[in-house]
Amino acid sequence: MKTKLMGLGILLVVILAAVLYAVLGGGQETIEITGYVGGEKIGLLEDQDVQAILEERYHLSLDYAKAGSIEMVTDDPEGQDYLFPSNQTALEIYEQNYGSPVKSEIVLNTPIVLYTRRAVADALLSQGIVRQEGDVLYVDMNQLTQCVEEGTTWAELGLPQLYGSVTVGTTDPTKSNSGNMFAGLLANTLCGGVADASNLDQILPRLEAIFQKLGYMESSSSDLFDQFLKTGMGAKPLIAGYESQLLEFAVQNPETWEQVKEDILMLYPTPTVWSSHVYIALDEEGTAGIDALLDEEVQRLAWEKHGFRTGLYDAPSSIEQFGVPGVAQEITQVAPMPDAATMEEIIDALR
Amino acid sequence: MKRKRIGRAWIACLLFACLFLCACGSGEENGSREADTVLGSGHAVLRILSGSENQELEPILEEFAEEENIRIEMTYQGSLDIMRTLGAEEIPYDAVWPASSLWLNVGDTEHRVKHAESVSITPVVFGIRQSLAEELGFVGKEVSVGDLLEAIRSGRLRFCMTSATQSNSGASAYIGFLYALLGNPDMITEADLQDPQLQEEMREFLAGVDRSSGSSDWLKDLFLEGGYDAMVNYECLILSANQELERRGEEPLYVVYPYDGLSLADSPLGYVDQGDEEAEEAFLSLQEYLLSADTQDAIQRTGRRSSYTGISEANREVFREDWGVQPDRVLSPFRMPEADVLFECLNLYQTNFRKPSLSVYCLDYSGSMSGEGNEQLVKAMEQLLIQENAARNFLQASQNEVNILIPFDDEVMGVYTAEGNGEELEKLYEIVEEEDIGGGTDMYAAAEAGLRELENYDLSQYTPAIILLTDGQSGGSYRDFASAWESLGADVPVFSIMFGDADPEQLEEVADRTRARVFDGREDLTGAFRSVKGYN
């Protein structure tokens with residue numbers, strides 16, 4: 001009798017525990033955090049394999065709204081758990097505006113590259129603005145910048161089917177990272193080193209003139225890249241973007257890539273700059289995102305499916321898997337970005 | 001931060017809550033206008049605010065709606081109106097589909113648009129009656145905007161375009177004209193716009209506009225009603241106009257791509273994130289469908305340049321080269337100015353450059369308008385006549401425009417004229433406010449009085465229109481009105497805004513006769529007035 005009662009008691013306790021476990025969730029609780037993310041990382045965050053790892057191992061779900069890297073650290077980030085801009089300048093600007101965040105860490109890296117079409121690349125090759133090493137194309141930033149500043153027309157480069165003068169399409173450098181970093185790269189090119197307070201006065205008017213020609217600019221790198229692919233050579237002959245964008249596109253859309261791969265080319269500026277995607281946690285809940293994104297398998301997926309280099313310099317694994325010709329194994333010619341104070345002056349001048 | 005608990009009991013609660021919320025339905029909240037077209041009859045709803053050029057894709061959307069059991073509610077607006085809707089606090093739509101990503105980008109200040117992707121591409125071009133295009137020497141050669149300007153200046157080419165402050169095709173074409181008149185600089189600056197010579201030339205140029213409209217698809221319809229030589233519109237809409245012209249055995253339009261004034265519409269469809277997961281899922285499945293190879297092919301068959309690899313062999317028969325279409329042309333557009341300069345361009349268009357409008361407002365003060373009807377009318381007119389309000393929607397009056405107010409019941413109660421955009425205009429508002437209400441309804445008599453007023457003006461110097469607001473069955477004589485319209489001998493549209501218990505048949509009859517349109521003011525009277533203004 002006693003054992004029966006005890007058995008019943010145990011059963012009751014077990015049921016109660018099970019109910020409590022189910023209701024309170026125990027270790028199963030999934031926390032959803034929300035933040036602003038640069039458009040180029042949305043493919044990664046929407047990746048179901050990545051989401052499954054975040055959910056199973058970290059009980060985390062990352063909700064997001066798309067925003068430009070500069071915009072997200074200058075606008076009011078209230079109500080967000082994290083920000084995920086695409087460079088360290090954004091972090092520094094955040095720190096100046098709002099003080100130290102709860103935590104921050106570089107999670108992904110990718111170099112700034114230019115994208116173009118076969119016909120344009122051929123014209124640039126024959127002008128000596130682009131040179132080829134193996135199957136990798138490198139663009140000489142000095143010569144290219146000179147063309148842009150002098151107002152050389154596409155027709156003068158042998159492309160009469162393109163209207164107007166040579167420019168590099170970028171996102172709005174006052175809002176979005178890829179445009180902002182390209183502005184930094186141009187500033188470096190114009191001063192022949194790394195732009196800083198000592199040479200800024202000479203550079204700024206020239207930089208303004210270059211960007212003034214662009215007029216309206218997209219505020220998101222992913223929109224610009226989508227338009228580059230869809231509106232064709234006439235609308236966007238040459239744009240600045242991230243290396244990861246084409247690698248991701250090729251992996252995610254293998255059939256489309258097969259059709260267009262002859263025509264679409266990646267040019268590595270010499271020197272280029274690294275876009276370091278830094279995760280900024282704004283509250284305690286937000287910090288969980290750092291560990292989750294640094295998970296070894298998430299990092300592997302970030303490279304293999306989305307084209308983000310995770311360490312600097314060497315590719316984490318074979319570049320062949322992407323089926324994209326002309327990807328550099330190593331990114332060796334890299335200059336540092338101008339510091340945050342300099343970049344802020346550049347942003348102010350271009351606003 | 002939100003917490004999701006993954007316990008079974010909790011899931012059951014969530015499911016229940018979902019069912020409960022779904023049962024309560026969406027749809028009727030926060031003043032969304034009634035949709036223009038509803039496709040499919042599914043339970044899940046996707047409300048899309050779209051440029052009118054996408055009306056042609058309705059059969060493609062309908063197939064999806066029926067297959068997936070999702071009801072698609074399409075509401076059509078000009079792209080600039082869509083931009084303004086995106087800036088509002090509440091957006092009563094789940095997705096937006098303007099003609100160009102420019103407006104989406106500039107409008108989405110709160111970052112609520114997600115998953116936006118271009119669905120197809122089409123350039124803004126000139127479509128000119130084939131024989132006239134030949135006569136002008138535009139066939140088989142590269143044409144600049146300057147060549148077109150020359151033909152317009154000499155009076156040999158008159159054309160229709162949409163309003164640059166309401167519709168993307170009109171705005172794009174207008175910016176192209178500005179570039180050409182400025183001698184094709186790298187970029188238009190604010191200083192350029194203040195140049196008196198430019199201003200004079202632009203006014204002269206826009207005087208060649210026969211008719212304006214608030215949306216591209218309606219411009220095509222207007223064109224098909226006949227009597228016009230050319231229109232600026234999307235390549236895809238010129239193609240569909242040509243298909244209709246050919247069916248009727250009429251002369252088709254020849255497509256001219258001004259090489260220094262070309263712009264592209266990239267037709268982005270984006271989700272408006274307001275936390276509704278069901279709508280997001282429906283959106284993503286629609287997007288996947290639209291971007292799938294089969295649907296892209298079907299979209300290409302409507303004359304849109306879809307897909308990454310250009311026009312397929314099978315679809316070349318749609319892009320007919322004998323109509324001047326160049327399927328393999330590298331479409332190389334000019335660059336749009338940055339937002340501040342762009343808005344300055346649009347302001348100048350509205351207040352200074354466009355042909356001044358000559359609008360006659362015939363407003364119903366019959367007994368049935370008393371109370372709420374009259375209140376709404378006064379509020380709507382406040383948005384138009386008080387310039388501070390009008391400026392918010394790019395509806396400001398220009399310096400030389402004329403506004404005439406004719407209040408009526410069963411007879412004309414008075415005629416009040418305001419010239420320019422100053423004090424006289426705001427005085428009209430006082431009259432709108434103070435007029436007495438009572439009596440029957442005779443809109444025909446009021447419209448006739450309006451036509452008589454127009455006789456006092458040189459109509460070639462204005463974009464004239466009569467705008468009729470009425471809320472009931474009208475007495476009087478349609479025939480007398482029609483013969484008065486005929487004897488004026490000018491292309492004056494008589495638009496009407498349907499209100500209260502107005503008789504749609506009576507209004508349609510007037511609209512058809514005068515190549516105009518009926519707007520529904522029952523849901524949103526201010527919106528209806530705004531739409532009408534896009535047409536003049």
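In what follows, every chain begins at residue 1, and chains take the letters A, B, ... in the order their sequences are listed.
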Counting only non-hydrogen atoms closer than 4.5 Å, does [X] touch chain A with its backbone (N, CA, C, O), its side chain (CB onward), both, or neither?
X	result
B:Leu331	backbone
B:Leu102	both
B:Leu291	side chain
B:Pro333	both

| message | Under 6.0 Å between ring centres: does that hold for A:Tyr163 and B:Tyr179? | response | no

Measuring only between side-chain heavy atoms, which start at C-beta, is [X] closer than 4.5 Å to [Y]?
X	Y	answer
B:Ser101	A:Gln227	yes
B:Ser118	A:Thr231	no
A:Tyr216	B:Arg335	no
B:His115	A:Glu46	yes

Roughly how far apart are [X] [atom1] and [Y] [atom2], rounded to 0.5 Å?
X	Y	atom1	atom2	result
B:Thr109	A:Glu71	OG1	CD	9.5 Å
B:Met336	A:Leu214	CE	CG	15.0 Å
A:Asp75	B:His111	CG	NE2	5.5 Å
B:Asp108	A:Ser219	CG	OG	8.0 Å
B:Tyr308	A:Ile264	OH	CD1	8.5 Å

If one checks every heavy atom of A:Asp223 against chain B at 4.5 Å, the contacting part turns out to be side chain

Given A:Gln212 and B:Thr189, is the side-chain contact (heavy atoms from CB on, under 4.5 Å) satisfied, shown in steps?
CA-CA 9 Å; A:Gln212 196 263 332; B:Thr189 65; 3.2 Å; yes

*Report the C-alpha distance between B:Lys114 and A:Asp63 in whole Å, list the side-chain angles of each, state the deciding distance to 0.1 Å, and finish with yes or no for salt bridge (Lys or Arg N to Asp or Glu O under 4.0 Å).*
CA-CA 12 Å; B:Lys114 211 160 148 171; A:Asp63 193 18; 3.8 Å; yes

Greatest number of non-hydrogen atom pairs under 4.5 angstrom with chain B, of A:Ala65, A:Ala67, A:Gly164, A:Gly232, falls to A:Ala67

Out of A:Gly169, A:Ser220, A:Gly151, A:Ser165, which one racks up the most heavy-atom pairs below 4.5 Å with chain B?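 The residue among A:Gly169, A:Ser220, A:Gly151, A:Ser165 with the greatest pair count is A:Ser165.
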
Heavy-atom neighbours of B:Gln326 CD exceed 12 at 6.0 Å: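 It does: B:Gln326 CD has more than 12 such atoms within range.
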
Would one find more than 12 heavy atoms of other residues, nucleotides or ligands at under 6.0 Å from atom CD of B:Glu281?
no

*Is it true that a side-chain atom of B:Ser332 and a backbone atom of A:Gly234 form a donor plus acceptor pair closer than 3.5 Å?*
yes

| Between the side chain of A:Lys230 and the main-chain N/O of B:Asp266, is any donor-acceptor distance below 3.5 Å? | no

